[in-house]
Structure formats: C-alpha cells, structure tokens
Amino acid sequence: MAEEERCQAPKLCANDCGLLGSPATQNLCSKCHRDLQQSSSVIQTPTPSSSPATSSSPLEVKDERTAEAAVEVRPNRCLSCNKRVGLTGFKCRCGMVFCGIHRYPEEHGCDFDFKAMGKQQIAKANPVVKAAKLHKI
C-alpha cells in the first residue's frame, strides 16, 4: 500500500497554492498544513473573553486575537516617545517599557500606586506581635 502511494504522481496542494501536497498531510503542502494546525489550535483553546455558551466561528476568534494583539504595547519601544529601546528599555512597575529619559514615574505619568504597595510590604514584613492574655485566678 505504501509503495502504491510512492508510485503515484505528486498532487498539487488542496488549497491551490501551487506547491505539492502529500497524502500524509491531507493533500496539503507543508505550509498550508501548518497553518491548518495552528488555526485548529486557536479554535480549541478557550479565550478568557468568550464563554462556553457562545459559539463563534474560527474567523471571529482570529479577529479577536488580532484585535488584542493590536492593543498590546510593543516591548521594544518607549510608551511615551515611541523611541526604540531594544534591550536597554526600563520596565516600570505599571508594566510598560520606557527609554532612559522616561524611566522615572514622574516623567511618564505613572498611575501605579507606590504608596499602597509600600504599606502592604511593611504590613507583611512586620506582623503584629501580641502576648496571650493571662487568665485571672
């Protein structure tokens, strides 16, 4: 049976991309087969924004993913001046990356609450120590 498959003339990809497909990859070329596998993994993984009760088509899932990716900030550019920072970027506690000029919270208008974080750290590091009450006889 395997010899028969080898002897057959190669078939074009089922997606009509112009490349040769193989029966092992459902008559798809390697590129189309990989794209099919990636799209099926995107469909199978649940997104946090979608609930199991709602059904969506694969195209809607891809659109949601690309919209989320467009909102995300590129980590190799400063959020304030859009200057390319590469490996020398400074990550602030607000989660964004900034250049050397805008690395300080005052320079980029950081909305992170440093005071509340400091209070939490102090409370965690210094627990209240109280002696047990004595019973009167």
Which residue pairs satisfy the side-chain hydrogen bond (donor to acceptor under 3.5 Å, both in side chains) criterion with at least one member in residues 21-32, sequence neighbours excluded?
Ser22-Thr25

Over all atoms of both residues, closest heavy-atom pair of Cys32 and Cys17
SG-SG, 3.8 Å

Going from CG on Asp35 to CD on Gln37, what distance comes out if it is rounded to the nearest 0.5 angstrom?
9.5 Å

Would you tabulate the side-chain donor-acceptor contacts of residues 84-108 under 3.5 Å, counting partners in other chains and residues two or more places apart, or write 'none'?
from, atom 1, to, atom 2, distance (Å)
Thr88, OG1, Val85, O, 2.8
His108, ND1, His102, O, 2.9
His108, ND1, Tyr104, O, 3.0

